[in-house]
Amino acid sequence: MDLFKKYPVSISNTLSGKKEKFEPLNPPFVGMYSCGPTVYSEVHLGNLRTFTAFDVVFRYLTHIGYKVRYVRNITDAGHLTNDAGEGVDRIEERARLEQLEPMEIVQKYTIGFHEVCRIFNILPPTIEPTATGHIVEQIEMVKKIIENGYAYEVNGSVYFDVNKFSEKHKYGELSGRNIEELMDGSRALNRQDEKRNPIDFAIWKGVPPNHIQRWPSPWGEGIPGWHLECSAMGTKYLGKQFDIHGGGMDLKFPHHECEIAQSVGAYGIAPVRYWMHSNMLTVNGEKMSKSKGNSFLPHELFTGSHPLLTKAYAPMAVRFFMLQSHYSSTLDFSNDALNAAEKGYRKLMNALDALKELNHPKTTAINESLKNDLDRLVDECYLSMSDDFNTAKTLAVLFEMSARINDFKSGNQDLGAIDSNTFTHFKNTYINFIQEVLGLREDNAQDEQLLNGLIQMLIDIRKKARTDKNFALSDEIRDDLKAMGVQLKDGKDGTIDYEIE
RNA sequence: GGUCUCGUGGCCGAGUGGCUAGGCAGAGCUCUGCAAAAGCUCCUACAGCGGUUCGAAUCCGCUCGAGACCUCCA
């Protein structure tokens with residue numbers, strides 16, 4: 001039986017505001033889209049939280065047997081910072097600043113983004129389309145919206161007519177807004193404004209002659225509107241209606257709201273069945289963002305070079321830190337929290353190493369209650385993840401499992417007291433959840449071999465010293481290693497393990 | 001100003017009507033040549049006030065506090 005049938009997934013659908021049973025349109029296939037980065041500068045940790053959240057969704061759905069097509073875009077076409085045609089195009093701005101062609105900027109930061117994803121063990125999506133690679137699709141979509149009467153052209157730009165749209169459809173359903181309030185909230189149009197209504201938004205924007213990024217269109221040279229790419233590419237690769245659309249909370253309005261309007265305006269059907277929004281990473285209670293100047297860059301984390309950090313943190317400790325909270329809650333970023341996460345992460349990984357070394361011996365007398373306990377833990381891993389991808393709850397279960405693992409390792413508990421099927425199931429679940437579902441892995445894998453050899457050598461010397469009762473020497477070796485951050489651990493049976501701090 | 005969210009033990013964070021979250025820190029015990037690790041035990045909270053209920057951290061109301069969106073942002 002497929003795991004997704006045994007452990008049905010529920011998702012907090014931000015469209016309905018309720019937790020709903022997840023039923024894909026065409027099981028076992030799942031279509032999932034999440035908004036990727038605009039590649040005009042380095043991604044920061046806040047961005048990474050969202051990518052990590054949907055990485056785990058992708059991983060888990062895949063793990064339980066769904067065939068997931070996961071589309072995450074790269075926004076490499078510049079967009080004006082507001083729809084009135086004022087403001088700046090960030091990619092264009094950056095290009096002028098660095099004296100580069102916009103596509104050089106885009107290339108540079110796309111590569112940087114991929115590098116960071118690799119470091120944080122964020123899997124590549126199954127399709128990673130770019131906005132500039134889908135100008136044709138976007139133009140076609142604009143045409144359809146015009147044909148359907150929901151957009152109008154002014155001076156080479158095309159605007160979505162929100163008022164017209166709302167005569168037949170709902171606008172603001174996702175973000176819980178109504179048009180009247182939005183009108184009140186927006187400033188009045190000035191004389192130069194091309195829009196009929198302040199809440200209309202550009203789906204194609206004509207650009208002045210000095211603008212570098214530009215594409216020909218039926219309305220003249222210009223750039224696509226900034227909400228349009230997701231609609232066009234989502235439709236192209238996932239269909240007019242697909243299962244899951246994710247993104248950060250701050251994209252809910254206007255970005256996702258506009259996506260819905262465009263898709264309905266073009267195809268007459270709601271594009272997404274389950275909307276998921278991940279919450280913000282905060283610093284001292286405030287949203288981490290570039291504009292607030294409180295963002296952390298990945299390399300500042302690895303090197304500990306940020307003024308608010310007391311030390312460097314490994315990427316996997318940070319990933320673990322993010323998984324310790326639910327994606328829909330805000331998560332506060334601090335040294336103390338990171339320190340705690342680092343230790344918790346190590347504990348989990350130590351148990352993982354121990355478990356990999358464990359093999360089931362001959363079964364002796366079966367301990368029923370132990371067997372039931374292990375089966376329950378396996379079950380709870382799945383139930384927790386199926387409950388709206390509750391990674392925090394899942395980690396709590398994994399910690400319980402690690403205690404059982406350490407019992408087996410130390411001999412506190414006899415492995416023979418359970419049958420080998422139970423053990424294999426337990427073992428596979430622990431390994432799979434940590435590595436595949438949560439995407440946690442050992443850091444520093446490259447240097448490990450060399451280091452392992454060196455330390456092993458010292459361990460052998462120390463073993464001899466202890467056999468000779470030369471404790472002065474054995475302690476010296478242990479203490480000197482400790483000073484360098486290598487902690488030796490003497491086992492009951494004379495084996496010596498170590499841990500790098 | 002409008003809309004909305006949140007306020008959990010020393011810290012971080014799950015939990016949305018009754019049953020122990022978990023991690024980190026702290027205390028103790030076991031194991032151990034010592035140390036570390038590990039296991040076990042303890043520290044048992046839900047912003048304040050009122051209400052609903054047999055029973056509320058969980059539902060309702062008010063108060064206080066924090067934050068988000070309404071402009072680009074994951």
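Just so we're on the same page: letters track the sequence lines, and every chain starts at 1.
With C1' as the reference atom, B:C6 and B:A38 are 38 Å apart, rounded to whole Å. Between B:G39 and B:G22, the two P atoms lie 13 Å apart (nearest whole Å). On the P atoms, B:U3 is 28 Å away from B:A74, given to the nearest whole Å. If you take atom C1' in B:A56 and the same atom in B:C42, they sit 27 Å apart, rounded to whole Å. Comparing B:G15 with B:C34, their C1' atoms sit 43 Å apart, to the nearest whole Å. A distance of about 35 Å separates the P atoms of B:A35 and B:G13, rounded to the whole Å. Look at the P atom in both B:G9 and B:A57: the space between them is 14 Å, to the nearest Å. Taking the P atom of each, B:G10 and B:C46 are spaced 10 Å apart, rounded to whole Å.
Atom CG in A:Leu281 sits roughly 14 Å away from atom P in B:C12 (whole-Å rounding). The nearest whole Å value for the distance from the CE atom in A:Met385 to the C1' atom in B:A14 is 14 Å. For the pair A:Phe320 CZ and B:G22 P, the interatomic distance rounds to 14 Å; values are reported in whole Å. In this structure, A:Leu395 places its CG atom 9 Å from C1' of B:G23, rounding to the nearest Å.
Taking 4.5 Å as the limit, every side-chain heavy atom of A:Tyr430 sits out of range of all side-chain heavy atoms of A:Cys381. The side-chain heavy atoms of A:Lys482 and A:Arg478, taken from C-beta on, include no pair separated by under 4.5 Å. Residues A:Cys230 and A:Tyr33 have side chains in contact (heavy-atom distance under 4.5 Å, counting atoms from C-beta outward).
A:Asp475 contributes a side-chain N or O that forms a donor-acceptor pair with the base of B:G33 under 3.5 Å. Evaluation of atom-type donor-acceptor distances gives no pair under 3.5 Å for the side chain of A:Lys290 against the base of B:C72.
Listed nucleotides: B:G13, B:G22, B:A68. Nearest to the side chain of A:Ala392: B:G13. Of the candidate nucleotides B:A74, B:C12, B:A14, B:A14 has the atom nearest to the side chain of A:Lys393. Side chain of A:Phe253, nearest nucleotide from B:G33, B:C70, B:G13: B:C70. Side-chain proximity of A:Phe471 to B:G33, B:A74, B:G39: nearest is B:G33. With distances taken from any side-chain atom of A:Arg462 to the nucleotides B:G39, B:C72, B:G33, the minimum falls on B:G33. When distances are taken from the side chain of A:Gln487 to each of B:A36, B:A38, B:G13, the shortest belongs to B:A36. In the set B:A68, B:C40, B:C12, B:A68 carries the atom at the smallest distance from any side-chain atom of A:Glu286. Taking only side-chain atoms of A:Asp332, from C-beta outward, the nucleotide of B:C72, B:G13, B:G39 with the closest atom is B:G13.
A:Lys347 and A:Ser402 share no side-chain donor-acceptor pair at under 3.5 Å. A donor-acceptor contact closer than 3.5 angstrom links the side chains of A:Tyr313 and A:Asn335. A:Tyr159 and A:Lys205 are linked by a side-chain donor-acceptor pair at a separation below 3.5 angstrom, with hydrogens and angles left out of the test. A:Tyr327 and A:Asp388 form a side-chain donor-acceptor contact under 3.5 Å, judged by distance and modelled atom types alone.
Rounding to the nearest 0.5 Å places CZ of A:Phe113 at 6.5 Å from CD1 of A:Ile122. Atom CE of A:Met401 is separated from atom CD1 of A:Ile434 by 8.5 Å, given to the nearest 0.5 angstrom.
Here A:Arg478 does not reach the OP1 or OP2 of B:U32: none of its side-chain N or O atoms lies under 4.0 Å away. Contact check, A:Lys292 against B:A68: a side-chain N or O comes under 4.0 Å of OP1 or OP2. OP1 or OP2 of B:A14 has at least one side-chain nitrogen or oxygen of A:Ser329 nearer than 4.0 Å. Taking only side-chain nitrogens and oxygens, A:Asn406 never comes nearer than 4.0 Å to OP1 or OP2 of B:A38. In terms of phosphate contacts, A:Lys489 brings no side-chain nitrogen or oxygen within less than 4.0 Å of OP1 or OP2 of B:U32. Dashed line: the shortest gap from a side-chain N or O of A:Asn412 to OP1 or OP2 of B:C40 is not under 4.0 Å.
B:U53 is unpaired under the criterion used here, namely a Watson-Crick or G-U wobble arrangement in which both key atom distances are under 3.5 Å. The pairing partner recorded for B:A38 is B:U30, the criterion being a Watson-Crick or G-U wobble arrangement whose two distances lie under 3.5 angstrom. In this structure, B:A66 and B:U5 make a Watson-Crick or G-U wobble pair, each of the two defining distances being under 3.5 angstrom. Across every strand in view, B:C46 sits unpaired, with no contact that passes the Watson-Crick or G-U test at under 3.5 angstrom. Pair assignment for B:G22: B:C12, on the basis of Watson-Crick or G-U wobble contacts that are both within less than 3.5 Å.
The aromatic rings of A:Trp275 and A:His256 lie tilted to each other, with the angle between the two planes from 30° to 60°. The aromatic rings of A:Phe22 and A:Tyr274 sit perpendicular, their planes meeting at an angle over 60°, well past the 30° parallel limit.
Residue A:Gly285 is classed as a sugar-phosphate contact, given heavy-atom separations below 4.0 Å to backbone atoms only. Residue A:Ala396 is in base contact, counting any heavy-atom pair closer than 4.0 Å across all strands shown. A:Met249 comes within contact range of no nucleotide atom at all, as no heavy-atom separation falls under 4.0 Å. At the heavy-atom level, A:Ser325 lies under 4.0 Å from the strands shown only through sugar-phosphate atoms. If you check every strand for non-hydrogen atoms under 4.0 Å, A:Leu48 touches nothing. Backbone-only engagement by A:Arg404 is indicated by non-hydrogen atom pairs under 4.0 Å involving sugar-phosphate atoms exclusively.
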Close N or O pairs between protein and nucleotides 24-26 of chain B (under 3.5 Å):
from: B:C24; atom 1: OP2; to: A:Lys347; atom 2: NZ; distance (Å): 3.4
from: B:A25; atom 1: OP1; to: A:Lys343; atom 2: NZ; distance (Å): 3.2

